Chemist: 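Just passing along the structure, written as structure tokens.
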Amino acid sequence: MSDVMSPQDALVAVMIAISAADEMQSTEELLSIDRTIDALPCFEGYDKDRVRGVNDVVRDLFSEEDGIDALIGLVKDALPERFAETAYALACDIAAADGAVKMTELRLLEMLRHDLGVGRLAAAAIERGARARHQRF
């Protein structure tokens, strides 16, 4: 992976970070990341071969002290401000994909919401939508 994170890489990093936040990436979460990349227009033309490199960056940062803050800084630098809500929505969808949002995921979501500047009302709407999309019978 090149030294520069693209905006799409930043979105992928957010999804991978949420899936790895509880130290266990579920199959549902990984499949959801793959489907998201395939489906959303913001990933049009994205080279999926970069996902492995982004995953490595996230894993390396998670093993360092203050790595989460560093990751969020990389995401903020790479992502245009208008995609902050998109990043938060993707994170919420991945957190909800396996049917159980853990405390570590909630904490990372809180950090993302704050550091990316997603307002409380927008965040509540995004969270509600993710919960509705991922409900199970």
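What you are looking at is a predicted structure, and each value in this text was computed from that prediction instead of being measured. Along the sequence shown, the residues carry numbers beginning at 1.
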Chemist: Quick one: closest heavy-atom pair of Q8 and C42, and the distance?
Modeler: CG-O, 3.2 Å
Chemist: Write down the atom of S6, the atom of R50, and the distance for their closest heavy-atom approach.
Modeler: N-NH2, 4.5 Å
Chemist: Are the side chains of M15 and I37 in contact, using a 4.5 Å heavy-atom criterion?
Modeler: yes
Chemist: If the condition is salt bridge (charged side-chain N to carboxylate O under 4.0 Å, His left out), which residues does K76 pass it with, not counting sequence neighbours?
Modeler: none
Chemist: Out of curiosity, L108 CG to I72 CD1, how far, rounded to the nearest 0.5 Å?
Modeler: 5.5 Å
Chemist: Taking side-chain contact (heavy atoms from CB on, under 4.5 Å) as the definition, give me every residue that meets it alongside D93, ordered by chain and number, with sequence neighbours left out.
Modeler: A130, R133, H134
Chemist: At what distance, to the nearest 0.5 angstrom, does CZ of R59 lie from CG of D56?
Modeler: 9.5 Å
Chemist: Do you know the tightest heavy-atom contact between F43 and T36?
Modeler: CD1-O, 3.8 Å
Chemist: Decide yes or no for V57 and L61: does some side-chain heavy atom of the first lie under 4.5 Å from some side-chain heavy atom of the second?
Modeler: yes
Chemist: What pair of heavy atoms forms the shortest contact from A17 to V58, and how long is it?
Modeler: CA-CG1, 3.9 Å
Chemist: Test side-chain contact (heavy atoms from CB on, under 4.5 Å) on N55 and Q25; report intermediate values, then the result.
Modeler: CA-CA 11 Å; N55 189 56; Q25 291 177 306; 3.7 Å; yes
Chemist: Are any of the side-chain heavy atoms of I16 and V51 separated by less than 4.5 Å?
Modeler: yes
Chemist: Nearest 0.5 Å, what's the CG-CG distance between L71 and D66?
Modeler: 12.5 Å
Chemist: Looking at CG of L74 and CG of D69, how far apart are the two atoms once the value is rounded to the nearest 0.5 Å?
Modeler: 11.0 Å
Chemist: State the CZ-CD1 distance between R107 and I68, to the nearest 0.5 angstrom.
Modeler: 8.5 Å
Chemist: Let me check something: any side-chain donor-acceptor pairs from residues 111-121 under 3.5 Å, sequence neighbours excluded? List them with distances.
Modeler:
none

Chemist: Does any non-hydrogen side-chain atom of Y46 lie less than 4.5 Å from one of V12?
Modeler: yes
Chemist: Do you know which two heavy atoms are closest between I33 and S19, and how far apart they sit?
Modeler: CD1-OG, 4.0 Å
Chemist: Would you mind reporting whether F83 and P7 have side-chain heavy atoms less than 4.5 Å apart?
Modeler: no
Chemist: Side-chain contact, heavy-atom cut-off 4.5 Å: V14 with L79?
Modeler: no
Chemist: CG/D38 to NZ/K48 distance, rounded to the nearest 0.5 angstrom?
Modeler: 3.5 Å
Chemist: When you compare the side chain of V101 with that of R131, does any pair of heavy atoms fall below 4.5 Å?
Modeler: no
Chemist: For a quick test of reading the model, state the closest non-hydrogen atom pair linking E28 to R35 and the distance between them.
Modeler: O-NH2, 4.4 Å
